[in-house]
Trainee: 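Handing you this structure, nothing more for now.
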Number of protein chains: 2
Amino acid sequence: MMAESNRRGVPDATVGRLPGYLQALTTVAEQGRSSVSSEEIASLAGVRSAQVRKDLSHLGSYGVRGVGYDVARLVDQISAELGLSQDWPVVIVGMGNLGRALASYEGLATRGFHVVALADNDPDVVGSRVEGMPVQALAELRTCGPVSVGVVTTPPEAAQEVADVLVELGVHSILNFAPVVLQVPADVDVRRVDLATELQILAFHQHQREASVTDTPVEGVS
Amino acid sequence: MMAESNRRGVPDATVGRLPGYLQALTTVAEQGRSSVSSEEIASLAGVRSAQVRKDLSHLGSYGVRGVGYDVARLVDQISAELGLSQDWPVVIVGMGNLGRALASYEGLATRGFHVVALADNDPDVVGSRVEGMPVQALAELRTCGPVSVGVVTTPPEAAQEVADVLVELGVHSILNFAPVVLQVPADVDVRRVDLATELQILAFHQHQREASVTDTPVEGVS
DNA sequence: TAGATTGTTAATCGATTAACAATC
DNA sequence: TAGATTGTTAATCGATTAACAATC
């Protein structure tokens, strides 16, 4: 993890919601609408309207009182804030089912993320093709040109080694699906996505609910 | 999303870190250690030691001053808190690459999550086998017995319909990988994992970093 | 005892929310 | 003008952190 820079002062929590707003706006745009209220964005994104207005105010975004926000303009502003007008070359390392799933995810290209290389260390997999792209050995990655984002979908044992190679390659952003905490230099940003963690959080909530049904505290009885 | 119950007062932020501590403890246990300090847990989990102690204090967990925490005991306490001593029957709907990846993820079974059914709506896929399990049609799911957790790995267009079926099936916990906000009753807990969101957050940070290198504010010059 | 490490306090920080004046 | 909806304020809430007394 990295000390967040937050240069122009957009809070992290807001940044985390901007992609959701962007998606909501895309939905609205597809309906041919050109204007949208914070209330509508909120309901599509699953948050409250006050939150939306507060978040958008951090972008210095101008809605129009009594009218709402211009859809196209807001898409541009959020995209610019997130840096989505740029092109982000992505490498995926680990060609198991998960790596393949990500390699074939269309949602990436439309947001400026372009997969420029796939890698694996299994000799049986190296040389094969996934989604029309050749799978390279980890050591060969050096040759694939500049890379912005590395996605780690290897087994946990291999993840740190992969991270080391990515860092050497000049990658500053890593999306880690392996259930380990990667050790990286301070200027490298790692986000971890862990399926087991998500399920365990769900389990906790359900566990709580079941418990509260069973042993409801008896109040007003002595 | 659901209004968090938080019955016994374990904060959500703490719950979100417990799985990480559990994993750290597993690592320590594998090394044959029987005792561990908050400092060690923190470094394995990527947080600060004060955070670990605070979090564990919510469990009423007893460490020993000057010594640390008993590894086995802490594993038991966290597992109990998360409800991992129970068995959680899981259904995965959507047998694309992502669904297959999750179906073959070994990390689930070891934590009490057992995949009891796989489903898809593509007639070409229904009837085939994934990891030795037959893929059922969505409508057939009714027959698969009680289900605690539903995992949605379908395309976005299909996700809401799948969620409706899961809810009808009595599922109260949904892990949603489709990039849509699912509409569910208030007693159903949905967690969303969105790859595009994660990448966009990484892009934002990198974007910021690049910007701050380029146009570093010139201070002390008039 | 001396050293180590917890559990808890109190200060700080950041995020959410409701409410409403501003204004289209 | 009347109605709608923003942008911002201020109150509240929750989470993080450092520090240290308690105590093994």
Side-chain angles (χ1 to χ4, degrees), chain A residues 1-18 20-21 24-25 28 33-71 73-74 77-78 81 201 204-205, chain B residues 1-18 20-21 24-25 28 33-71 73-74 77-78 81 201 204-205:
Chain A
M1 226 146 290
M2 196 191 49
E4 314 299 350
S5 47
N6 250 353
R7 189 179 53 102
R8 224 180 79 210
V10 181
D12 280 344
T14 295
V15 172
R17 284 183 295 264
L18 290 180
Y21 299 161
L25 290 168
V28 171
R33 316 259 317 278
S34 66
S35 180
V36 65
S37 70
S38 59
E39 199 67 62
E40 291 172 282
I41 298 174
S43 117
L44 287 166
V47 302
R48 290 171 196 272
S49 65
Q51 180 105 266
V52 170
R53 290 196 297 279
K54 181 108 231 213
D55 284 340
L56 293 182
S57 76
H58 289 298
L59 307 190
S61 153
Y62 276 17
V64 181
R65 286 162 140 105
V67 178
Y69 299 87
D70 183 87
V71 175
R73 180 142 176 250
L74 199 47
Q77 282 184 324
I78 296 178
E81 189 68 35
I201 294 173
F204 170 83
H205 289 315
Chain B
M1 225 144 292
M2 194 191 52
E4 312 300 352
S5 46
N6 250 351
R7 188 180 53 103
R8 223 180 80 208
V10 181
D12 281 344
T14 295
V15 172
R17 283 184 295 264
L18 291 179
Y21 299 161
L25 291 167
V28 170
R33 315 262 315 278
S34 66
S35 180
V36 67
S37 70
S38 60
E39 199 66 62
E40 290 173 283
I41 298 174
S43 114
L44 287 167
V47 301
R48 290 172 196 268
S49 65
Q51 180 104 269
V52 171
R53 291 196 298 279
K54 182 108 232 212
D55 284 339
L56 294 181
S57 76
H58 290 297
L59 306 189
S61 151
Y62 276 17
V64 182
R65 286 163 138 104
V67 179
Y69 299 88
D70 184 88
V71 175
R73 179 142 178 251
L74 198 48
Q77 282 184 325
I78 296 178
E81 189 66 37
I201 294 173
F204 170 82
H205 289 315

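Just so you know, these numbers use all the heavy atoms, side chains as well, and skip hydrogens, waters and symmetry mates. We name chains A, B, ... by the order of the sequence lines, and we start the count at 1 in each one.
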Trainee: For each nucleotide in nucleotides 1-9 of chain D, reading 5' to 3', give B when a protein heavy atom comes within less than 4.0 Å of its base, S when such contact involves only the sugar-phosphate, and - otherwise.
Mentor: ---BBBBBB
Trainee: List in chain and number order the residues that pass side chain to side chain donor-acceptor pair (under 3.5 Å) with Y69(A), two or more places apart in sequence or in another chain; answer none if no residue qualifies.
Mentor: none
Trainee: Could you list the residues that satisfy salt bridge (charged side-chain N to carboxylate O under 4.0 Å, His left out) with R33(A), not counting sequence neighbours?
Mentor: E40(A)
Trainee: Any side-chain heavy-atom pair from L18(B) and L59(B) closer than 4.5 angstrom?
Mentor: yes
Trainee: Please report the distance, rounded to the nearest Å, between CZ in R48(A) and C1' in dA19(C).
Mentor: 14 Å
Trainee: Do L56(B) and Y21(B) come within less than 4.5 Å of each other through their side chains, counting heavy atoms only?
Mentor: yes
Trainee: Could you spell out the base pairing of DNA chain C in dot-bracket, with Watson-Crick or G-U pairs whose two distances are under 3.5 Å, [ ] crossing and | to another strand?
Mentor: ..||||||||||||||||||||||
Trainee: Looking at Q51(A), I'd like to know whether one of its side-chain N or O atoms comes within less than 4.0 Å of OP1 or OP2 on dT17(C).
Mentor: yes
Trainee: Can you tell me how far apart CG (L44(A)) and CG (L25(A)) are? Round to the nearest 0.5 Å.
Mentor: 8.5 Å
Trainee: Nearest whole Å is fine: how far is dG14(D) P from D55(B) CG?
Mentor: 16 Å
Trainee: Who passes side-chain contact (heavy atoms from CB on, under 4.5 Å) against V67(A), sequence neighbours left out?
Mentor: S35(A), V64(A)
Trainee: Among residues two or more places apart or on two chains, list those pairs meeting salt bridge (charged side-chain N to carboxylate O under 4.0 Å, His left out) that have a residue in residues 48-71 of chain B.
Mentor: R17(B)-D55(B)
Trainee: Flag the pair Q77(B) / R73(B) as yes when at least one side-chain heavy-atom distance between them is below 4.5 Å, and no otherwise.
Mentor: yes
